[in-house]
Amino acid sequence: MSEHPSSALFSSSPDQGESYLARLNPEQRAAIETTDGPLLVLAGAGTGKTRVLTTRFAHILLTERAKPWQILAVTFTNKAAKEMRERVSLLLGSPAEGLWLGTFHALCARMLRRHADYVGLSSSFTILDTDDQLRLLKQVMTPWQIDTKRWPAPGILGVIQRWKDRGLTPERVTDAEDSDFADGHVRAIYTAYQARLIQLNACDFGDLMLHVTEILRTRPDVLAQYHRLFRYILVDEYQDTNTIQYLWLRLLALRPGEPSNICCVGDDDQSIYSWRGAEVGNILRFEKDFPGAQIVRLERNYRSTRHILGAAAGLIAHNDERLGKTLRSGRDDASGEKVLVVGVGDSDEEARDVCGMAQKMRAEGHSLSEMAILVRAGFQTRAFEEKLVQSGVPYRIVGGVRFYERAEIRDALAYMRVLNQPSDDLAFERILNTPKRGMGPAGVQKLHAAARSRHIPLTAATQALLAEKELKGKTGDLVRALMTALDTTRDILAREGHVVAVEHLLEESGYLAMWQADTSPEAPGRLENLKELVRALADFGTLGEFLEHVALVMEHDENAGDARISLMTLHGAKGLEFDIVFLPGWEEGVFPSQRTLDEGGLKGLEEERRLAYVGITRARKHALIFHAARRRIYANWQPSMPSRFLEELPDEHVIRHEARDTLHRALRSADSVFAGGAPLVARRRRDPLAEQAASFQLGDRVRHPRFGEGIIVAANHHHVDVAFENEDGIKHLQSTFLEKL
DNA sequence: GAGTTTCCATTTTTT
DNA sequence: ATGGAAACTC
């Protein structure tokens, strides 16, 4: 970015004025300068997609084709939206404000607040999280007496969401569609669920898209208004769009008598979200959908070495349904290491070797922040975590339980929601008995009944029942205390602002006391999280703004700082890149996943292969693939076969170490682990761990890379117990990571 | 209404 | 193995 001094952008001289285009290759330039008419940019991994997107945005503005608010720019994640905003600001040399730039959902929320009345909502509608959705659905579906063993509520919610993804309002669901699930009652449940949402003045995520699309479909005046407004549309990750997103884009893009200036950027080879409604078909059909569309292919990769690209290309070539695109190295010097494929005995060895190699690489001068372990499924992370902790390698898990999804955060948010909007029944229901106030399911039922018969929200019903002495005794006192706390907090909110008010409410309601009294080991962390939440609150002007942000941006920057190796799923790694990427678990059944194969057949296999392609292309310098002969799944060991994807990697780009002996020799030697090629000697292996452990004795002083110095207090053949000077309690460790003093 | 026990499933995830 | 949710008891 620094290569473009922003001052040049505002020069009137044509030469200088186009300096932001100077360092682009011809395809990138074409993608940016083809401003009018539909354009599909097929951007392979690492071909400068984000740069093209942001430069195109700036180009449209700088050539005065449109004002900032006349461009609609859509991304999938908040992270992508944020990055785009920052980079556009940088190109323009001033903060990019007043733009229609955001995620599909954030943009739809903004539109829906303007036209909420067309679908029976008021513009202050609440956006529900998954928790609320599920609780609401469970309430709504009771009359149907669904066998929740066979058809669990999350499954039904999934069906409804999938319908919403496809733009199907309840009326549009056909009989045939409905009959597949829960004895054909889902459409009826869906209808009731939607009605209840409207009653609550609430939306789920799907509704944001569905309602707005419905408005655009049925209100020509509203549609025309947006047609006049948006002259240019930019879409990121087009291969991930689902049907409703496609319909929404199409409605906005197809302007009568005007060109469709829609530019979609995507990569069909990186489509990995079909299981949640994404339609690869959208990108494959682009030319048909938007007549006169031009296509630009970005195939010059500036990220990875020649071998990494070769391996990835060889793999993805096995897919049939492709638009066709070949990644070429954009660099002349690109030689680099071959992709390393390592076969190990079992999943424990795999974790140990990955960990050991990460340490070796670190010793060779690579930062941990430039390394990642990418797994197929979440359950694989545990083994790696264990080994990383034992060996003292700092790591971070990406995509675990996120900040705003933690129980204590959701509770606190529910308190804020009730404060913000007393009619938010779902939030009220959540806080009513948290902490315990003697309100169980029966009590809640009573409140619901009262609220329904009087057509008032739950909070009002509660007040009424308290006044009428219908709620009394200990329960009544506790509930009254909650209502009083809410009332006094409203005064404080008006006088002293939202931060003080929220602090007061959490204190007075007894919510903080609940965690303070909690003796479980997580309690202090939860209190810490609550503090962090209050801190974040201060960044917003009002409670309402904060809640809107939280509903749409379910992420929160936490301790980014220091160098750690990243541990995440392949899905989570999309869009990221690292110098060194470890890819464990390449075994039949794990990767490709058996379940995907069973459910998705050949299409499923192709998606898994794309996932593998995404994994390999995350690596800039080194890609290391592992497979184990046995894997521990839950309790027991299961034999596993190498993944078919391994055979699909072209030999000229790969080194294969099919036994761990050579690998260990390489790990210990000063040579790079990639030097390889040493002939394997199949010799009976002694147990090196047992040998090492035996050399430790009770009372020995030892040093651990993470925990420091300590004394051995117990030892058996594989593990030792150590009391460290600077750590509480006794640590049970594998002796491999200890150094005898 | 709350605490205890048993049973069950267990890919991928954003908004 | 493990955690989460439904079922069961006090």
Side-chain angles (χ1 to χ4, degrees), chain A residues 74-81 102-109 127-130 132-135 138 147-150 152-155 158 161 164-165 203-210 236-237 240-242 244-245 271-278 374-383 386 398-402 404-405 407 432-433 435-446 473-475 478 548-555 568-575 585 589-600 604 607-608 610-612 614-615 632-637:
Chain A
V74 201
T75 64
F76 269 84
T77 63
N78 290 298
K79 201 174 147 211
T103 62
F104 278 100
H105 297 272
L107 292 165
C108 277
I127 301 166
L128 301 187
D129 62 29
T130 324
D132 291 328
Q133 285 177 47
L134 206 57
R135 265 182 312 136
K138 280 179 184 166
D147 176 6
T148 50
K149 275 273 192 304
R150 280 191 66 200
Q161 264 163 353
K164 289 186 175 181
D165 285 344
C203 260
D204 65 17
F205 279 110
D207 286 339
L208 293 171
M209 296 286 332
L210 194 65
D236 192 13
E237 306 278 16
D240 288 337
T241 49
N242 61 33
I244 187 83
Q245 288 159 340
S271 162
I272 54 174
Y273 283 114
S274 71
W275 51 273
R276 67 176 196 209
L374 309 182
V375 297
R376 175 63 183 78
F379 70 82
Q380 290 170 267
T381 55
R382 192 178 304 164
E386 259 170 43
V398 181
V401 184
R402 285 170 309 169
Y404 289 114
E405 280 172 2
L432 190 52
N433 208 32
K436 298 269 185 295
R437 296 191 179 88
M439 276 300 248
V444 174
Q445 276 309 307
K446 203 163 132 189
K474 200 174 158 207
T475 302
L478 288 165
E548 173 88 353
H549 171 81
V550 171
L552 291 168
V553 185
M554 289 291 277
E555 60 187 40
M568 66 181 108
T569 64
L570 287 159
H571 284 91
K574 195 167 129 199
V590 177
F591 191 34
S593 136
Q594 192 55 51
R595 190 139 157 197
T596 304
L597 257 33
D598 292 346
E599 288 169 9
E607 181 147 318
E608 293 284 300
R610 291 194 291 267
L611 197 50
V614 167
R632 190 164 43 193
I633 293 171
Y634 308 118
N636 34 357
W637 290 94

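All values below were derived from every heavy atom in this structure, side-chain atoms included, with hydrogens, water molecules and symmetry-related copies excluded. In the text below, chain A, chain B and the rest are named by the order of the sequence lines, each starting its count at 1.
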Handout entry: First of A:V553 and A:M439 reached from the 5' end of DNA chain B, by closest nucleotide
Key =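 By nearest-heavy-atom nucleotide position, the 5'-most residue is A:M439.
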Practice task
Starting from the 5' end of DNA chain B, give me the residue, A:F104 or A:F379, whose nearest nucleotide shows up first.
Solution key: A:F379
Practice task
Would you mind checking if A:R595 and A:D598 are paired as a salt bridge, meaning a charged N to carboxylate O distance below 4.0 Å?
Solution key: no
Can you see if the side chain of [X] gets near the phosphate of [N] - specifically, an N or O under 4.0 Å from OP1 or OP2?
{"X": "A:N78", "N": "B:dT15", "answer": "yes"}
{"X": "A:T569", "N": "B:dT13", "answer": "yes"}
{"X": "A:R595", "N": "B:dT10", "answer": "yes"}
{"X": "A:N433", "N": "B:dG1", "answer": "no"}

Practice task
Could you label the plane-to-plane angle of the A:H105 and A:F205 rings as parallel, tilted or perpendicular, counting under 30° as parallel and over 60° as perpendicular?
Solution key: perpendicular
Counting only side-chain heavy atoms from C-beta out, which of [options] sits nearest to [X]?
{"X": "A:K436", "options": "B:dA2, C:dA6, B:dT15", "result": "B:dA2"}
{"X": "A:A442", "options": "B:dT12, B:dG1, B:dT14", "result": "B:dG1"}
{"X": "A:E599", "options": "B:dG3, B:dT11, B:dT14", "result": "B:dT11"}
{"X": "A:A377", "options": "B:dT11, B:dT15, C:dA6", "result": "B:dT11"}
{"X": "A:H571", "options": "C:dA6, B:dT13, B:dT15", "result": "B:dT13"}
{"X": "A:R382", "options": "C:dT2, B:dT11, B:dT15", "result": "C:dT2"}
{"X": "A:T596", "options": "B:dT11, B:dG1, B:dT12", "result": "B:dT11"}

Exercise for the section: Pick base, sugar-phosphate or nothing for A:Q380, based on heavy-atom distances below 4.0 Å to the nucleic acid. Expected result: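 No contact at all - A:Q380 keeps every heavy atom at 4.0 Å or more from the nucleic acid.
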Practice task
Would you indicate what A:G206 reaches in the nucleic acid, counting non-hydrogen atoms under 4.0 angstrom: base, sugar-phosphate, or nothing?
Solution key: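 Touches nothing.
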Whole-Å gap separating [atom2] ([N]) and [atom1] ([X]):
{"X": "A:I272", "N": "B:dT12", "atom1": "CD1", "atom2": "C1'", "answer": "8 Å"}
{"X": "A:D598", "N": "B:dT12", "atom1": "CG", "atom2": "P", "answer": "16 Å"}
{"X": "A:I633", "N": "B:dA9", "atom1": "CD1", "atom2": "C1'", "answer": "14 Å"}
{"X": "A:E607", "N": "B:dT13", "atom1": "CD", "atom2": "C1'", "answer": "12 Å"}
{"X": "A:D204", "N": "B:dT15", "atom1": "CG", "atom2": "P", "answer": "15 Å"}
{"X": "A:L134", "N": "C:dA5", "atom1": "CG", "atom2": "P", "answer": "9 Å"}
{"X": "A:M568", "N": "B:dT14", "atom1": "CE", "atom2": "C1'", "answer": "16 Å"}
{"X": "A:K79", "N": "B:dT15", "atom1": "NZ", "atom2": "C1'", "answer": "15 Å"}

Exercise for the section: Of all the heavy-atom pairs spanning A:I272 and A:K574, show the shortest one and how long it is. Expected result: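 The answer is CD1-CD, 3.6 Å.
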Practice task
Return yes if some donor-acceptor pair links the side-chain N/O of A:N433 with the main-chain N/O of A:G438 below 3.5 Å, else return no.
Solution key: yes
Practice task
Output yes when a side-chain donor or acceptor of A:Q133 lies under 3.5 Å from a complementary backbone atom of A:D204, and no otherwise.
Solution key: no
Completion exercise
Applying side chain to side chain contact (heavy atoms under 4.5 Å, CB included) to A:V590 and not counting sequence neighbours gives A:Q380, A:E587, A:R631
